[in-house]
Amino acid sequence: MSPGSVGHSQRRVAAILIVDDAPANLELLRKLMSEQGYQTYVATSGERALAIAQRAHPDLILLDVLMPDMDGIETCRRLKQHPLTQRIPVIFMSAKTETEDVVAGFDCGAVDYIGKPLRMAEVCARVRAQLQIRSNNETQQEQAERLRTIVNNMAEGLLIIEADGRIQYTNPACDQYLGYRENELAGRSIAELLSPLVTQEYLDYFAMYAANPETAHNHGTREVAIRHRNGEALSMDLTLTPMYLRQPLYIGLLHDITHHKQSEDALQRAAYLDPLTKIANRRHFDSFLEKEWQRAVRGGSALSLVVLDVDHFKLYNDSLGHPAGDSCLQQVAQAIDSHAARPGDLAARYGGEEFVLLFADTDAGNAMLLAEAIRTHIEALQLPHPRSSTSPWITVSIGVATIEPHQLDDRKALFVAADRALYAAKEGGRNQVRAMQSGSTAWETVKALVLR
């Protein structure tokens, strides 16, 4: 490899601008640099040096200090003020080697100062050194620019987080995801984006990593809810990777899964809804009953089940047609669903014209009141039923059963009791509510064994 390419980009030969008002010095340096394999430009004045530098963009300038009109100090100052030449390294050459002269050279932006008379081996060594430094700087700048371009054009949001939870940097995708302007999140805490519980989990992890990076586990990817600037909660996958430079830092990658989550939730809702009435289906009701049953067992509370049938519904379909029957069931379902107001309540279509409601923490007396309110509500809809022998309007028969379940009880017993009550309502003339207490068979068995 030729010296002219040592320490500089292998893509081209390094170019050097030599500035000196003494023709002998100029020619000596030009010949020396050419022999070293460098491309050379020469100028005998500061003005000429500025013009060549702006046009040719040399990799290095060898600049004499003592020149007429514009000396080397002023020339260097102007080079550093112009955007096209400010990053070109300048090496001063001068017989003025007093401390204040050298300091003045460095103060105006020079990278080195060589005393005259010149020792050519020293000049070559200093040129090589500065070209190596420039090459390294350019490589680092190119890499930084390449990385900056990648980060700025990433589809994923990126955050750099400090150990105390403060956000140091966000890329454009992150700002766009969360509705913030450029650099607006810098300096803020992750607590402004995450719930208190999740924030504390991350802060605990940061502290554990800072204390012992080698034993800290990789936090990996997790789904989190992140607050948009407008207060909306967004579903995101957050991947956290520790990085130790002068201080512990953490790279967070955000992948927006809001639409995926919405689609997933929509599919889940669809799987739990009756397609005709848009209230819960049998599958959802059975799952909900299981959860509330276990909660009632743990808490010793009562569960009430309401089962109802639309009276003479087959005759309604036969006389008015199935489209009218579908519309009737939809209106009945919405009326029933309006009475399941608490988190522990659920109304569902259990099949055909049969509906069920579960009321958690509800004793027999209150369950009867709720069932009667449902019956009255449906009758008040005044949906005409021309062939009903019970009423000119659509009505329902309702069975109610209540239980305080224990661990050994069977949920089927609750349904059997409610179905018997419903049958009694139908036998009694329909459009009425009947109740049956479903005692805990397991508890009764235990008592019998104790008293035996």
Undergrad: Near R166 CZ, under 6.0 Å, is it more than 12 heavy atoms from other residues, nucleotides or ligands?
TA: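 No.
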Undergrad: Closest heavy-atom contact between R134 and P89?
TA: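 Closest heavy-atom pair between R134 and P89: NH1-CD, 3.3 Å.
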Undergrad: Angle between ring planes, Y205 versus Y209, binned at 30° and 60°: parallel, tilted or perpendicular?
TA: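 The arrangement is tilted - the two ring planes meet at 30° to 60°.
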Undergrad: For H82, give me all partners under ring-ring contact (aromatic ring centres under 6.0 Å, His included), at least two apart in sequence or on another chain.
TA: none
Undergrad: May I ask you to test the L249-Q168 pair for a side-chain heavy-atom distance under 4.5 Å?
TA: yes
Undergrad: Any side-chain heavy atom of Y38 within less than 4.5 Å of one from L60?
TA: no
Undergrad: With a 4.5 Å limit on heavy-atom distance, are the side chains of L62 and L17 in contact?
TA: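 No. Closest side-chain heavy atoms not under 4.5 Å.
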Undergrad: Counting neighbours of NZ on K116 that are heavy atoms of other residues, nucleotides or ligands and sit closer than 6.0 Å, is the number greater than 12?
TA: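 Yes, because the 6.0 Å sphere around NZ of K116 holds more than 12 heavy atoms from other groups.
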Undergrad: What I'd like to find out is whether the side chain of Q334 reaches to under 4.5 Å of the side chain of I279, using heavy atoms alone.
TA: yes
Undergrad: Might you work through the ring pair (Phe, Tyr, Trp, His ring centres under 6.0 Å) test for Y250 and Y202, ending with a clear yes or no?
TA: CA-CA 10 Å; Y250 305 88; Y202 279 121; 9.3 Å; no
Undergrad: Mark yes when over 12 heavy atoms from residues, nucleotides or ligands other than R188 sit less than 6.0 Å from its CZ; otherwise mark no.
TA: yes
Undergrad: Let me check something: any side-chain donor-acceptor pairs from residues 39-52 under 3.5 Å, sequence neighbours excluded? List them with distances.
TA:
unit_1: Q39; atom_1: NE2; unit_2: Y41; atom_2: OH; d: 2.9
unit_1: S45; atom_1: OG; unit_2: R48; atom_2: N; d: 3.2

Undergrad: For residues 97-115, which residue pairs pass the side chain to side chain donor-acceptor pair (under 3.5 Å) check, not counting sequence neighbours?
TA: D112-R126
Undergrad: Who passes side-chain hydrogen bond (donor to acceptor under 3.5 Å, both in side chains) against Q86, sequence neighbours left out?
TA: none
Undergrad: Decide if atom CD of Q294 counts as having more than 12 heavy atoms of other residues, nucleotides or ligands within a radius under 6.0 Å.
TA: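 Correct, the count exceeds 12.
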Undergrad: Name all pairs fulfilling the ring-ring contact (aromatic ring centres under 6.0 Å, His included) condition that reach into residues 159-192, sequence neighbours left out, sorted by first residue then second.
TA: none
Undergrad: With sequence neighbours left out, write down each residue that passes side-chain contact (heavy atoms from CB on, under 4.5 Å) with N153, or none if nothing qualifies.
TA: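 In terms of side-chain contact (heavy atoms from CB on, under 4.5 Å), with neighbours along the sequence ignored, N153 is linked to T149.
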Undergrad: Closest approach of R349 and L329, non-hydrogen atoms and distance?
TA: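 For R349 and L329, the tightest heavy-atom pair comes out as NH2-CD1, 3.7 Å.
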Undergrad: Less than 4.5 Å apart, any side-chain heavy atom of L383 and any of C328?
TA: yes
Undergrad: Taking all non-hydrogen atoms of both residues, which atom of L118 and which atom of I114 are closest, and how far apart?
TA: CD2-CG2, 3.8 Å
Undergrad: Decide side chain to side chain contact (heavy atoms under 4.5 Å, CB included) for K96 and V102; before the verdict, give the C-alpha distance in whole Å, the side-chain angles of both, and the deciding distance to 0.1 Å.
TA: CA-CA 8 Å; K96 298 177 64 175; V102 176; over 6 Å; no
Undergrad: For V151, is there any backbone N or O sitting under 3.5 Å from a side-chain donor or acceptor partner on N171?
TA: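 Here the side-chain-to-backbone pair exists.
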Undergrad: Examine the side chains of Q132 and N136 and answer whether a donor and an acceptor come within less than 3.5 Å of each other.
TA: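 Judged by distance alone, the side chains do pair up.
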Undergrad: Residues in ring-ring contact (aromatic ring centres under 6.0 Å, His included) with H228, at least two apart?
TA: none
Undergrad: Between atom CE of M236 and atom OG1 of T221, what is the distance when rounded to the nearest 0.5 Å?
TA: 14.0 Å
Undergrad: Taking side-chain contact (heavy atoms from CB on, under 4.5 Å) as the definition, give me every residue that meets it alongside M368, ordered by chain and number, with sequence neighbours left out.
TA: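 M368 satisfies side-chain contact (heavy atoms from CB on, under 4.5 Å) with V400, V433, A435 only.
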Undergrad: So, K80 side chain and I88 main chain: donor-acceptor pair closer than 3.5 Å or not?
TA: yes
Undergrad: Looking only at side chains, do T170 and D175 share a donor and an acceptor under 3.5 Å apart?
TA: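 There is such a pair between these side chains.
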Undergrad: Under the ring-ring contact (aromatic ring centres under 6.0 Å, His included) rule, collect the residues that match up with Y350, sequence neighbours excluded.
TA: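 Y350 satisfies ring-ring contact (aromatic ring centres under 6.0 Å, His included) with F285, F415 only.
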Undergrad: Please output the side-chain donor-acceptor pairs of residues 354-363 that fall under 3.5 Å, not counting sequence neighbours, one pair per line with the distance.
TA:
unit_1: D361; atom_1: OD1; unit_2: S301; atom_2: OG; d: 3.1
unit_1: D361; atom_1: OD2; unit_2: R295; atom_2: NH2; d: 3.4
unit_1: T362; atom_1: OG1; unit_2: R342; atom_2: NH2; d: 2.8
unit_1: T362; atom_1: OG1; unit_2: A360; atom_2: O; d: 2.8
unit_1: D363; atom_1: OD1; unit_2: G365; atom_2: N; d: 3.4
unit_1: D363; atom_1: OD1; unit_2: N366; atom_2: N; d: 2.9
unit_1: D363; atom_1: OD1; unit_2: N366; atom_2: ND2; d: 3.2

Undergrad: Decide yes or no for D286 and E290: does some side-chain heavy atom of the first lie under 4.5 Å from some side-chain heavy atom of the second?
TA: no
Undergrad: For A186, check side-chain contact (heavy atoms from CB on, under 4.5 Å) against everything at least two apart and list the hits.
TA: none
Undergrad: Donor-acceptor check, side chain of S135 to backbone of L131, threshold 3.5 angstrom: yes or no?
TA: no
Undergrad: Keeping the roles fixed (side chain from E184, backbone from R181), state whether a donor-acceptor pair exists under 3.5 Å.
TA: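 Present.
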Undergrad: According to side-chain contact (heavy atoms from CB on, under 4.5 Å), who are the partners of Q200, at least two apart in sequence or on a separate chain?
TA: L203, D204
